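Structure record follows, encoded as structure tokens.
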2 protein chains.
Amino acid sequence: MSSSQEKFNAFIREKGLRLTSQRTVIARLALNRETHFTADDLLAWSREKDKGISRATVYRTLSLLTDLGLLESLDFGDGRLCYEPAEGRNHHDHIVCLHCGSITEFHCNEIEELQCDVADRLGFRVDHHSLRIYGTCKDCSERTECNEQR
Amino acid sequence: MSSSQEKFNAFIREKGLRLTSQRTVIARLALNRETHFTADDLLAWSREKDKGISRATVYRTLSLLTDLGLLESLDFGDGRLCYEPAEGRNHHDHIVCLHCGSITEFHCNEIEELQCDVADRLGFRVDHHSLRIYGTCKDCSERTECNEQR
DNA sequence: ATCTAATTGAGACTAAATCTCAATTACGCC
DNA sequence: GGCGTAATTGAGATTTAGTCTCAATTAGAT
């Protein structure tokens with residue numbers, strides 16, 4: 001069992017909540033993902049393990065996991081949230097290709113520091129931030145150039 | 001009439017679209033705002049001028065204006081888009097107070113440059129970006145400290 | 001095994017945004 | 001100024017992610 005799952009179980013016990021089979025299935029699937037996923041993805045995977053699992057329970061478990069900080073929710077502006085495991089991963093931002101939709105992670109310490117400077121200057125205490133760069137990825141650029149040459 | 005409105009009118013003519021009274025009302029109200037607003041705000045203001053204006057027409061005009069680059073749409077993650085005039089304004093990012101919801105604009109050239117560097121390194125051509133810092137504003141920090149002292 | 005409060009599933013509900021389509025209207029043409 | 005027609009509109013149906021309700025179920029303490 002991953003350490004995130006152990007944290008989840010511990011949290012459930014601490015808070016006097018109950019470790020149901022549904023929560024176990026949903027949390028395991030969510031926390032062991034490599035990349036981001038939607039609530040609907042998670043519902044589908046969960047139902048492969050237990051047909052009866054309801055949409056509501058998936059959303060309720062997602063809330064628990066994000067409140068706990070084990071999952072991070074990502075809004076790519078397409079009308080639904082994505083989620084990704086947050087434990088044991090370094091903070092990162094995302095660069096999104098507007099053509100193929102691919103999402104690449106990146107991290108830049110200098111940007112993070114400058115963000116803190118800006119917040120300081122404005123008298124803000126930073127909780128978190130979201131930086132999203134939108135553009136055209138290498139593959140799509142090359143593909144477009146080829147088309148233009150025709 | 002503002003230069004944005006003239007651009008809107010010119011665009012309408014160029015494209016063989018029609019300059020309806022509804023479009024004129026909605027565009028004028030949207031383009032002359034100082035701060036961001038929602039589609040529903042704009043619908044309410046438009047109906048003050050012309051009771052019959054429909055929600056659909058407001059959304060359709062918002063699409064025209066954002067496609068044209070005269071408005072920018074902002075997603076603060078509260079389940080609906082905000083809009084703000086984009087013409088004649090410098091690009092800026094937003095810092096949001098999680099307590100009072102206030103939204104402050106800021107701009108940092110160094111961050112912008114670093115973003116371009118990062119994109120270059122990853123082979124991306126940048127189209128646009130969105131940087132949002134979430135935290136506690138000065139006023140709310142002070143209010144919280146006072147409460148803690150009780 | 002029993003008890004009880006937390007949890008679940010099913011489906012109703014919400015809210016922003018989009019879509020449909022018959023009725024209206026802007027605008028080029030005469 | 002009036003005509004014709006294709007763009008536009010309004011009303012309301014629809015979509016979709018997510019939330020809520022509540023009776024039935026169940027985890028976990030005793």
Side-chain angles (χ1 to χ4, degrees), chain A residues 8-30 36-68 71-84, chain B residues 5 8-30 36-68 71-83:
Chain A
F8 179 64
N9 294 356
F11 172 81
I12 292 284
R13 296 245 159 70
E14 270 167 37
K15 293 283 178 183
L17 304 177
R18 291 174 184 181
L19 194 59
T20 64
S21 64
Q22 293 93 332
R23 278 181 178 160
T24 304
V25 165
I26 296 167
R28 194 184 59 226
L29 289 167
H36 58 271
F37 56 89
T38 66
D40 242 41
D41 292 336
L42 185 56
L43 175 62
W45 301 329
S46 301
R47 283 191 169 157
E48 285 173 17
K49 304 289 175 187
D50 173 354
K51 275 196 216 174
I53 284 179
S54 74
R55 182 177 306 278
T57 298
V58 168
Y59 276 103
R60 287 185 284 233
T61 307
L62 279 170
S63 283
L64 286 174
L65 291 167
T66 47
D67 289 353
L68 246 168
L71 283 187
E72 193 168 339
S73 71
L74 305 173
D75 185 347
F76 291 112
D78 62 347
R80 63 189 178 174
L81 291 178
C82 287
Y83 298 85
E84 63 178 24
Chain B
Q5 278 172 73
F8 179 64
N9 294 356
F11 172 81
I12 292 284
R13 296 244 161 70
E14 270 167 39
K15 293 284 179 182
L17 305 177
R18 290 172 185 182
L19 194 57
T20 64
S21 64
Q22 293 93 332
R23 277 181 180 160
T24 303
V25 166
I26 295 167
R28 194 183 59 227
L29 290 166
H36 58 270
F37 57 88
T38 66
D40 243 40
D41 293 335
L42 185 56
L43 175 61
W45 301 330
S46 300
R47 282 189 171 159
E48 285 172 17
K49 304 289 175 187
D50 174 353
K51 276 196 216 172
I53 284 179
S54 74
R55 182 176 305 277
T57 299
V58 167
Y59 277 103
R60 287 185 283 231
T61 308
L62 280 171
S63 282
L64 285 175
L65 291 167
T66 48
D67 288 352
L68 245 168
L71 284 186
E72 194 168 337
S73 72
L74 305 172
D75 185 348
F76 291 111
D78 61 348
R80 62 191 179 171
L81 291 179
C82 286
Y83 298 86

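Numbers restart at 1 for each chain; the letters A, B, ... are given by sequence-line order, proteins then strands. Just so it is clear, the model here is predicted, and its values are computed rather than measured.
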Interatomic distance, [X] [atom1] vs [N] [atom2] [rounded to whole Å]:
X: B:R55; N: D:dA11; atom1: CZ; atom2: C1'; result: 12 Å
X: A:K51; N: C:dT8; atom1: NZ; atom2: C1'; result: 19 Å
X: A:I26; N: C:dT7; atom1: CD1; atom2: P; result: 13 Å
X: A:L62; N: C:dT8; atom1: CG; atom2: P; result: 12 Å
X: A:L42; N: D:dG18; atom1: CG; atom2: C1'; result: 14 Å
X: A:R80; N: D:dT15; atom1: CZ; atom2: P; result: 18 Å
X: B:R13; N: C:dG28; atom1: CZ; atom2: C1'; result: 13 Å
X: B:L19; N: C:dG28; atom1: CG; atom2: P; result: 11 Å

Problem set entry | N/O donor-acceptor pair, side chain B:R18 with base D:dA6, under 3.5 angstrom |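 Indeed, a donor on one side and an acceptor on the other fall under 3.5 Å apart.
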So, is [X] near the phosphate of [N], with a side-chain N or O under 4.0 Å from OP1 or OP2?
X: A:Y59; N: D:dG18; value: yes
X: B:Q22; N: C:dT24; value: no
X: A:T20; N: C:dT8; value: yes
X: B:T57; N: D:dG10; value: yes

For this session: Select from B:L81 and B:L17 the residue whose nearest nucleotide in DNA chain C is closer to the 5' end of that strand.
Result: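 The residue mapped nearer the 5' terminus is B:L81.
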Problem set entry | Most 5' of B:C82 and A:A56 on DNA chain C, judged by nearest nucleotide |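 Residue closer to the 5' terminus by nearest nucleotide: A:A56.
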Can you find a pair of side-chain heavy atoms, one from [X] and one from [Y], that are under 4.5 Å apart?
X: A:D40; Y: A:R55; answer: yes
X: A:F8; Y: A:L71; answer: no
X: B:F11; Y: B:L64; answer: yes

Exercise. With A:T24, which of A:L29, A:T61, A:L19, A:I12 fulfils side chain to side chain contact (heavy atoms under 4.5 Å, CB included)?
Worked result: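 Testing A:T24 for a side chain to side chain contact (heavy atoms under 4.5 Å, CB included) against A:L29, A:T61, A:L19, A:I12 leaves exactly one candidate, A:L19.
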Exercise. Which value, rounded to the nearest 0.5 Å, describes the distance between A:E48 atom CD and A:L43 atom CG?
Worked result: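 Interatomic distance, A:E48 CD to A:L43 CG, rounded to 0.5 Å: 10.5 Å.
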For this session: Assign B:R60 to base, sugar-phosphate, or nothing according to its heavy-atom contacts below 4.0 angstrom with the strands shown.
Result: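 Counting heavy atoms under 4.0 Å across all strands, the contact made by B:R60 includes a base.
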